[in-house]
Amino acid sequence: MTFVPNLLDWYDKNARDLPWRFEQSPYRTWVSEIMLQQTQVDTVIPYFERWMAQFPDLQALASADEQSVLAIWEGLGYYSRARNLHRAAKIVVNEMDGQMPQTPEGLEKLPGIGPYTAAAIASIAFEQDVAAVDGNIRRVLARLFDLREPARSPQGERKLWEMAEANLPAGHAGAYNQAMMDLGAMICTPKTPDCPNCPVAAHCRARSLGVQEERPVKMARKKVPHLTVTAAVICRDGQVLLAKRPSRGLLGGMWEFPGGTLEDQDAGLEACLRREIGEELGVEVSICSPFGEYRHAYTHYKITLHAFLTALSDGQIPQNLESQEIRWVDVLDLSAYPMGKVDRQIADRLVGEGIHDCL
DNA sequence: TAAGCGTGGAG
DNA sequence: TCTCCAAGCTT
């Protein structure tokens with residue numbers, strides 16, 4: 001007797017009523033799965049609704065421009081997800097006659113779709129009998145079978161996919177995968193799992209050994225560096241200068257206030273800013289006043305960003321030396337330019353206070 | 001293979 | 001304030 005009947009019975013009664021379940025289509029399933037990568041359901045829901053209002057189908061997405069796609073995605077993070085989803089939609093519409101692949105192998109060829117997402121879409125949208133393993137399922141399986149290896153190690157990962165496949169109920173893969181995820185999100189949580197209310201507690205080896213909170217075994221985590229960063233709000237005639245970041249890498253394709261990281265050789269924050277503006281724009285600026293200190297944690301490092309109101313020195317014309325593009329933007333138009341969180345905070349403060357030319 | 005990639009919520 | 005970590009993928 002496996003845990004699966006109890007699991008499916010529980011899911012039948014307790015499945016969450018989510019927007020992409022309430023009204024289901026392959027496209028909606030796809031978008032939801034991409035948004036849900038490394039992101040919690042409650043965070044995703046409002047983004048999903050806005051997305052569907054603006055890009056109701058594959059054709060609408062494929063014909064959109066990347067900036068409007070990034071603008072909708074702003075705040076959700078991992079922006080390559082948005083760029084890849086956009087690219088993939090163009091591929092499906094232009095090269096596949098608008099028909100999404102229905103198998104994991106076909107889906108995985110599209111940018112942004114890896115092993116988990118391919119299995120999730122194939123099982124949920126196309127009723128294929130394939131097992132998926134995500135963070136929730138990884139935790140549930142590691143506890144059910146008391147997996148001793150680190151779950152994210154190559155060997156642990158291989159065993160988890162084997163466990164998921166071994167227990168797959170034929171003809172019910174979509175419900176099975178989603179039930180495992182809902183169980184992980186609602187009952188079998190990372191901290192203090194609700195074992196008394198768990199429908200499969202009787203099958204749980206970690207629970208029977210009292211080690212459920214020690215599963216899954218984690219890999220050691222690296223320390224994150226903390227950088228000091230400066231940024232310039234360069235003001236001129238009611239406008240500010242924005243730079244568009246390179247298309248790949250951190251915040252790819254998003255706009256920002258130019259600046260950069262404090263180096264050992266810099267005499268101070270203002271010297272750092274003058275150096276960075278020289279490197280990035282080839283101009284000299286005069287620094288008028290501080291404009292806030294912003295702390296933020298990215299995936300791999302933390303920053304404290306010091307912003308300054310600045311003005312170009314006489315006769316200086318900014319050149320685009322390191323960005324995709326630079327552009328003078330009216331303060332009231334800043335909301336139309338997709339930005340990461342810190343730059344959005346600076347932009348919002350500019351909008352709120354109005355711009356006062358500093359010289 | 002391991003590092004890079006955002007942000008927000010929970011404890 | 002800090003740590004963990006959340007429906008992972010790409011290079």
Side-chain angles (χ1 to χ4, degrees), chain A residues 15-16 18-21 28-48 70 73-85 87-88 107-125 131-140 150-155 157 160-161 164 174 176-186 188-192 213 216 218-226 245-254 256 294-304 338-345:
Chain A
R16 291 176 289 181
L18 305 170
W20 44 90
R21 290 180 179 169
R28 290 169 68 87
T29 300
W30 183 9
V31 173
S32 72
E33 288 300 339
I34 300 298
M35 286 188 170
L36 286 161
Q37 288 170 4
Q38 301 289 283
T39 311
Q40 298 191 26
V41 165
D42 289 343
T43 303
V44 165
I45 288 174
Y47 282 89
F48 181 82
L70 286 174
W73 205 273
E74 179 181 314
L76 205 48
Y78 288 138
Y79 297 93
S80 66
R81 293 183 294 172
R83 299 194 304 273
N84 285 335
L85 179 54
R87 274 206 297 147
L107 287 161
E108 221 174 314
K109 289 191 173 72
L110 293 169
I113 299 183
Y116 161 74
T117 305
I121 296 173
S123 64
I124 295 170
V133 175
D134 79 319
N136 287 307
I137 298 173
R138 192 173 285 118
R139 183 172 59 257
V140 171
R152 304 309 296 261
S153 67
Q155 182 160 359
E157 200 70 35
L160 285 164
W161 281 90
Y176 167 72
N177 289 330
Q178 294 182 87
M180 291 286 277
M181 291 189 273
D182 275 21
L183 186 69
M186 295 192 280
C188 195
T189 49
K191 292 171 184 171
T192 60
E213 299 211 38
K218 315 271 193 327
M219 308 270 278
R221 167 172 309 229
K222 294 173 72 173
K223 275 187 62 176
V224 300
H226 191 142
R245 296 177 59 86
S247 56
R248 351 187 84 197
L250 183 73
L251 299 170
M254 310 283 279
E256 67 178 0
Y294 308 82
R295 301 170 48 153
H296 188 65
Y298 294 107
T299 307
H300 288 283
Y301 58 92
K302 301 176 182 181
I303 65 165
T304 299
M339 299 177 183
K341 187 187 171 184
V342 174
D343 290 277
R344 180 57 66 202
Q345 286 180 287

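Here is how names work: the chains are called A, B, and so on, in the same order as the sequence lines, proteins then strands, and each is numbered from 1. Keep in mind that this is a model prediction, so the values were computed, not measured. All values below come from the heavy atoms of this structure, side chains included, with hydrogens, waters and symmetry mates left out.
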Base, sugar-phosphate, or nothing: which does [X] touch, judged by heavy atoms less than 4.0 Å apart?
X      : value
A/A132 : nothing
A/I34  : nothing
A/T299 : base

Nearest-Å distance once atom [atom1] is located in both [N] and [M]:
N     : M      : atom1 : answer
B/dG6 : C/dA6  : C1'   : 12 Å
B/dC5 : C/dC5  : C1'   : 15 Å
B/dG8 : C/dC9  : P     : 22 Å
B/dT7 : C/dT11 : C1'   : 23 Å
B/dT1 : C/dG8  : C1'   : 16 Å

(request) Name all residues meeting the side chain to side chain contact (heavy atoms under 4.5 Å, CB included) criterion together with A/S247; count only those two or more places apart in sequence or in a different chain, and write none if there are none. (result) A/Q324
(message) Between A/R83 (side chain only) and A/G252 (backbone N and O only), is there a donor and an acceptor less than 3.5 Å apart?
(response) yes
(request) On DNA chain B, reading 5' to 3', which nucleotide is the first and which the last to sit with an atom under 4.0 Å from a heavy atom of chain A, could you check? (result) B/dA3 to B/dG8
Who are the side-chain hydrogen bond (donor to acceptor under 3.5 Å, both in side chains) partners of [X], not counting sequence neighbours?
X      : answer
A/D182 : A/R16, A/R21
A/T189 : none
A/S80  : none
A/Q37  : A/T117

(message) With nearest nucleotide decided by heavy atoms, which residue, A/P154 or A/G75, maps closer to the 5′ end of DNA chain B?
(response) A/P154
(request) State which residues pass salt bridge (charged side-chain N to carboxylate O under 4.0 Å, His left out) with A/E256; sequence neighbours excluded, sorted by chain then number. (result) A/R245
(request) Could you pull out all residues at least two apart from A/R344 that satisfy salt bridge (charged side-chain N to carboxylate O under 4.0 Å, His left out)? (result) A/E74
(message) Centroid separation under 6.0 Å, is that true for the rings of A/Y298 and A/H296?
(response) yes
(request) If a protein heavy atom is under 4.0 Å from the base, mark B; if only from the sugar-phosphate, S; if neither, -; do that for nucleotides 3-11 of chain C going 5' to 3'. (result) SSBBBBSSS
